[in-house]
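The block underneath contains the structure these notes are about, expressed in structure tokens.
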Protein chains: 2
Amino acid sequence: MPQLTTPLTDALGLDVPIVQAPIGSATCPALAASVANAGALGMLAVTWRDETVTREAITETKQQTEGVFGVNIVADSDAKSVPTETHVEVCLDEGIDIISFSFGDAAPYIEQIHSRGGVVLQSVGSAAEAKDAVDAGVDIIVAQGWEAGGHVQSEVATLPLVPRVVDAVPDTPVIAAGGIADGRGIAAVLTLGATGAWLGTRFLLTEEAYVHRLYRRRVIEAEETDTVYSTLFDEGWPDVPHRVIENGTVAEWKAAEQPSTERPGEGDVVAETGDGNPVRRYEDSLAVPEMSGDVEALPLYAGQSVGLTQELQPADELVAGLAEEALAALERAD
Amino acid sequence: MPQLTTPLTDALGLDVPIVQAPIGSATCPALAASVANAGALGMLAVTWRDETVTREAITETKQQTEGVFGVNIVADSDAKSVPTETHVEVCLDEGIDIISFSFGDAAPYIEQIHSRGGVVLQSVGSAAEAKDAVDAGVDIIVAQGWEAGGHVQSEVATLPLVPRVVDAVPDTPVIAAGGIADGRGIAAVLTLGATGAWLGTRFLLTEEAYVHRLYRRRVIEAEETDTVYSTLFDEGWPDVPHRVIENGTVAEWKAAEQPSTERPGEGDVVAETGDGNPVRRYEDSLAVPEMSGDVEALPLYAGQSVGLTQELQPADELVAGLAEEALAALERAD
């Protein structure tokens, strides 16, 4: 394994400065554990899981790795039913000591986590937000650029965002997120001053990621120009911009001149969960393997790095390859 | 001067892989010559200049430098009155051998330029456009990301765009544009596989750039979150997305819920040129020094890298500093 040590790898005990983003329902114990086993930071997403399921996911991950993994919690209460404080408590009880927050303020939970020896990450979309977070006691900043997939926190692209954030919080490790899918992107954000790279879309194409085969197929085929940034898939988590691969739902909405109400097929059931529950058009539901119906009509979350995301791999193999590519890119440029 | 040689510096005879973007009326002989004198590529913008003024600008630049400079021509006929072929002929006659095209296809002019020993650059916004340009005979590709200032060719950010373009045209030098304002950004795009960095916004803050002091002041003060991407300033060059610093005109239009017609103050004269000609709200007119009136209401073109653009410097000193910073960033990351 090549060496790429940074203040982030030192702080978290990683071998490589790579983070598997908490890609909603697509992350799972097998994915987080495989990433952790390769020396990177694996992540579970607990926001849409109740306490019992959260506990089970953490336990199952621990059984598969001695490596480092954490959890992400969306702080925005519109996104979920479980209070953030409860989620934090459950994770701490289960021995998790790396907790990242997105879409909201980590401040109310920092003492709760620090008092149990934990580390707090917060995603931000600007230099000002980074400074506020660090002033409140956040330990590590995630700077997420506009080209990121899924729900997006910034209107600033990663390349001009990261150096601004690094300058704003010079004593805090900054992880760059958005637009990174290969070793060149990792090398690039390290030269910008980031101490690590947070990749989401790229991890969709791992054998472990919990995604429907039609979603995976669209990730493989999509070009860098094929994603759309909007607030279209708003049922379940309203008014938050997100990036998806253009699909039938997006195309019909565009053809109808992008109405904000009475959209084409509003409320139609387009798919079904494995339990037989209906999934409606415009729902914030990631396409998981057991779904049936018109799965392609669901939000196919992906960032603009989807153009660089083509090869299905085991996650640990992916991490090792990314680290090698990053080192090679740095050596080539220097 | 530190050494940063790439296939681009080899191809064009530069000392450093830095290009001063053709920033419309803000570029001038003094700027292009100062950049060229520092070993980077200086550029003149001739699109809005008639043949006589174009000849004068080239002659004046030559008198001030033995270095390398080229011209940019917007190929879109909506943007101008002089036919592109005429512009190309005038430049070739004046001994220019580096001609870059943006917003349109360079293909019709490639033979004309190659037969006179010239080099053709074309700006693109996707991997597919890059491939088409190289297939048509373009020598060097400029990949311009969405976070760029002024008129913008892509909806893809620079970080995910550049590696895609590099992979699409592996035998052609690729210059990265958009989001770069310091040595860290230059280092980052070199690690992505670019052979050079094209900076526009950063060169607005040079002593030579031909910009009104109020425009310069706004560039100094703007944060990375203060730019707006729209088609608002459409009079003179309609329907092409561009990025500006938010100003009074943008704020009033946003407050009016972004109408596409009957916008606030539509057609009002807001400023005056040095010759006493009226400048209307929503006109595609860069704020140059001799203008008077409400100059702040004009399009204050800038990219998201404006947050990193704070220090007014002579252009040659800026170039030397950028090269040193880029080398330092590569050394730090490796």
What part of A:Val189 gets within 4.5 angstrom of chain B, counting heavy atoms only: side chain, backbone, both, or neither?
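Only the side chain of A:Val189 comes within 4.5 Å of chain B.
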Side chain, backbone, both or neither: which part of A:Ala181 has a heavy atom under 4.5 Å from chain B?
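Contact with chain B is absent: no heavy atom of A:Ala181 under 4.5 Å.
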Just do the side-chain contact (heavy atoms from CB on, under 4.5 Å) check on B:Arg164 and A:Leu308 with the steps written out, would you?
CA-CA 7 Å; B:Arg164 279 283 292 176; A:Leu308 297 161; 3.8 Å; yes
Heavy-atom pair with the smallest gap, counting every atom of [X] and [Y]:
{"X": "A:Thr225", "Y": "B:Ser126", "answer": "CG2-CB, 3.7 Å"}
{"X": "A:Ser305", "Y": "B:Pro160", "answer": "N-CB, 3.9 Å"}
{"X": "A:Ala188", "Y": "B:Leu159", "answer": "CB-CD1, 4.0 Å"}
{"X": "B:Ala333", "Y": "A:Leu330", "answer": "O-CD1, 3.5 Å"}

I'd like to verify something: which residue of [options] has the highest number of heavy-atom pairs under 4.5 Å with chain A?
{"options": "B:Asp167, B:Thr158, B:Val162", "answer": "B:Asp167"}
{"options": "B:Gly125, B:Ala157, B:Ala326", "answer": "B:Ala157"}
{"options": "B:Gly303, B:Ala187, B:Ala328, B:Gly193", "answer": "B:Ala187"}

Side chain, backbone, both or neither: which part of B:Glu224 has a heavy atom under 4.5 Å from chain A?
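Contact with chain A: backbone and side chain both.
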Main chain of B:Glu155, side chain of A:Gln304: is a donor-acceptor contact present, judged purely on distance under 3.5 Å?
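Here the side-chain-to-backbone pair exists.
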Starting at CG of A:Leu190, measure out to CZ of B:Arg332 and round the result to the nearest 0.5 Å.
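Atom-to-atom, A:Leu190:CG and B:Arg332:CZ are 11.5 Å apart.
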CG of B:Asp239: more than 12 outside heavy atoms within 6.0 angstrom?
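Check fails, neighbour count at 12 or below.
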